[in-house]
There are 2 protein chains.
Amino acid sequence: MKTVPIQTAKKSAVACHNCSLSELCLPRGLNREELELLENAINKTVKIKKKDYLFRRDDQQYSIYAVKAGAVKTALSTPDGEEQILGFYLPGDLLGFDAFANNRHTCDAQALDDTLVCELNMDSFQELCGKLSSMRGQMMRQIGAEIEREHMLLLTLGQMRTEERLATFLSSLSERNKERGFSCTEFNLPMARHDLANYLGMAVETLSRMFSRLQDDGIIAVQHRLIKIEDMARLKQLAHHTCRPASEAR
Amino acid sequence: MKTVPIQTAKKSAVACHNCSLSELCLPRGLNREELELLENAINKTVKIKKKDYLFRRDDQQYSIYAVKAGAVKTALSTPDGEEQILGFYLPGDLLGFDAFANNRHTCDAQALDDTLVCELNMDSFQELCGKLSSMRGQMMRQIGAEIEREHMLLLTLGQMRTEERLATFLSSLSERNKERGFSCTEFNLPMARHDLANYLGMAVETLSRMFSRLQDDGIIAVQHRLIKIEDMARLKQLAHHTCRPASEAR
DNA sequence: CGTACGCTTGACTGAGGTCAACCCAGGTGG
DNA sequence: CCACCTGGGTTGACCTCAGTCAAGCGTACG
């Protein structure tokens, strides 16, 4: 539970142009020259251990981060110790846009597992956005995607019943796995029940019951964190409120 | 219920440097020269009538809008006719950032009342962001504020009980009125019960009951859309989950 | 003037929260 | 290596908050 325990390993950094995630990440759409500028600006190997914080609300420095391996959650916490988890970030995802408003992060980001990220500090980021229109474009797309994702979550929390919320989540996680070249029918949840329940705005017990229900109905098979989707059609049907066709969802 | 019925009145446009909202809006922090570039790029008098749409999901053209008078709601709607209202925009507020991801809006924006907005089309916007770092900065601040606002709403929907949700909303609306130089203890709701209930993720009947409850407890006085806050301290206490001190909230 | 719509209130119901017990896996120390 | 402990997860019993259904009221509008 340390505050910001960032270790930097100088060696073994994977360059963007060799990174398997470059199509999901900031480099997308940059030419060779632009890519070089970006590469020089980022710190490519920030390691944080499970449960450590990548950043915390009101930290002095702030940056944009790209997850390379592992998983990160962001959360808002209230004076009285409650929290609302805002998102789960997987390899290829960017986070840290919350700091735009006041030059400091407004939520906490904690590793769900031992995690590796790339860091682009805000000054370099600003500079690159001024210089490279392609970089600005890609940045905008990422911010747009983040906003869209949050809109979906608002819809989920505001309109759906608990079973639909879980179905929506699983369906979207399945898509995200597909995008990354993993199986969309069999995968491990990167987070504990506690965190997922909070994210979906329900009690842990309710979440557990909904997992059981989906399993009893033959829609999924659950073994701890391992999920197998047995009947994708019915899962998607439960998540019917979702707006966009799969291909465009994040 | 027309689709995009934008009328442009060439005359009587208020220039940014004369606009009373310039401190909340994009011009903030621009010098005289920069302001002129901005002024030339925006269409200053788009009028839309109550219930008409400012933009709709998947519209061909897309822009950033600043509300000058009136009020606008944005909402996500699902295939099966449900919707989730995402935000209410008052004079001085900017909207339209949702179009960043895919070059088209991903939600609908509808006028709650006869409304006047300024429009900055996306190409000009991109161009200005490239040229002016101050403009980029202000834009980032606005996007950050939007993200922060959505985070607060997620917290509200995910963690609070209905009474707390309403208290949180009223308290935040009170702050927004204060920022605009209006009374923070007595104001009109710009939206119908139906919309507010949807926004806060509850049934209209429940919302109505919560209004009555707050009134019976002597915290507010309600007359249709006119709200008087009688006991601000207790209202804020009910909205205790809120993160930031008032001054920094949007 | 009548109709419709927005809002409120009441009675009932049910989804989901709470409390509690229990189970299981993984880590720790003897 | 085993015994213990702790923390995450599941299940059951119960209760409550909020949704649904229905009626009634006032204002706005054609």
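Since the model is a prediction, treat every value here as computed from it, not as a measurement. Chain identifiers are assigned alphabetically (A, B, ...) following the order of the sequence lines, protein sequences preceding nucleic acid strands; residue numbering begins at 1 within each chain. Worth knowing before you read on, the calculation uses all heavy atoms, side chains too, and leaves out hydrogens, waters and symmetry mates.
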Separation of C:dG6 C1' from B:Leu207 CG (nearest whole Å)
12 Å

Spacing of A:Leu214 atom CG relative to D:dG9 atom C1', expressed in whole Å:
16 Å

Does A:Thr162 make a side-chain N or O approach to OP1 or OP2 of C:dA15 shorter than 4.0 Å?
no

Would you mind reading off the distance between A:Arg161 atom CZ and C:dT13 atom C1', rounded to a whole angstrom?
13 Å

Is there a donor-acceptor contact under 3.5 Å from the side chain of A:Arg56 to the main chain of A:Gln110?
no

Given axes from five pairs at either end, by how many degrees does the helix from C:dC1-D:dG30 to C:dG30-D:dC1 bend, rounded to 10°?
40°

When you measure from the side chain of A:Ala203, which nucleotide among D:dG9, C:dT18, C:dA25 comes out closest?
C:dT18

Select from A:Ser208 and B:Glu163 the residue whose nearest nucleotide in DNA chain D is closer to the 5' end of that strand.
A:Ser208

Between C:dG27 atom P and A:Lys50 atom NZ, what is the distance in whole Å?
9 Å

Between C:dG16 atom P and B:Gln159 atom CD, what is the distance in whole Å?
16 Å

So, for B:Phe182 and B:Phe187, is the gap between ring centers shorter than 6.0 Å?
no

Interatomic distance where CG belongs to B:Leu200 and C1' belongs to D:dA18 [whole Å]
14 Å

Classify the ring geometry between B:Phe55 and B:Tyr65 as parallel (under 30°), tilted (30 to 60°) or perpendicular (over 60°).
parallel

Among C:dT18, C:dG17, C:dT8, which nucleotide sits nearest the side chain of A:Thr206?
C:dG17

Determine yes or no for a side-chain-to-main-chain donor-acceptor pair under 3.5 angstrom, with B:Glu148 supplying the side chain and A:Asp98 the backbone.
no

Side chain of A:Arg225 (C-beta onward), nearest among D:dC21, D:dG9, C:dA20
D:dG9

Can you figure out which of C:dG16, C:dT8, C:dC7 approaches the side chain of B:Ala192 most closely?
C:dC7

Identify whether the distance between the nearest side-chain nitrogen and carboxylate oxygen of B:Glu175 and B:Lys236 falls below 4.0 Å.
yes

Under 3.5 Å, side chain of A:Arg180 to main-chain N/O of A:Arg176, donor-acceptor pair present?
yes

Is there a donor N/O on one and an acceptor N/O on the other, under 3.5 Å, for the side chain of B:Glu205 and the base of C:dC7?
no

Would you please confirm or rule out a distance under 4.0 Å between OP1 or OP2 of C:dT8 and any side-chain N or O of B:Arg209?
no

Rounded distance in Å - CE (A:Met191) to P (D:dG7):
22 Å

B:Gln142 and B:Glu146: CA distance, side-chain angles, deciding distance, side-chain contact (heavy atoms from CB on, under 4.5 Å) verdict
CA-CA 6 Å; B:Gln142 290 285 349; B:Glu146 175 81 3; over 6 Å; no

Atom-pair distance (CZ on B:Phe211; P on D:dA18), nearest Å:
15 Å

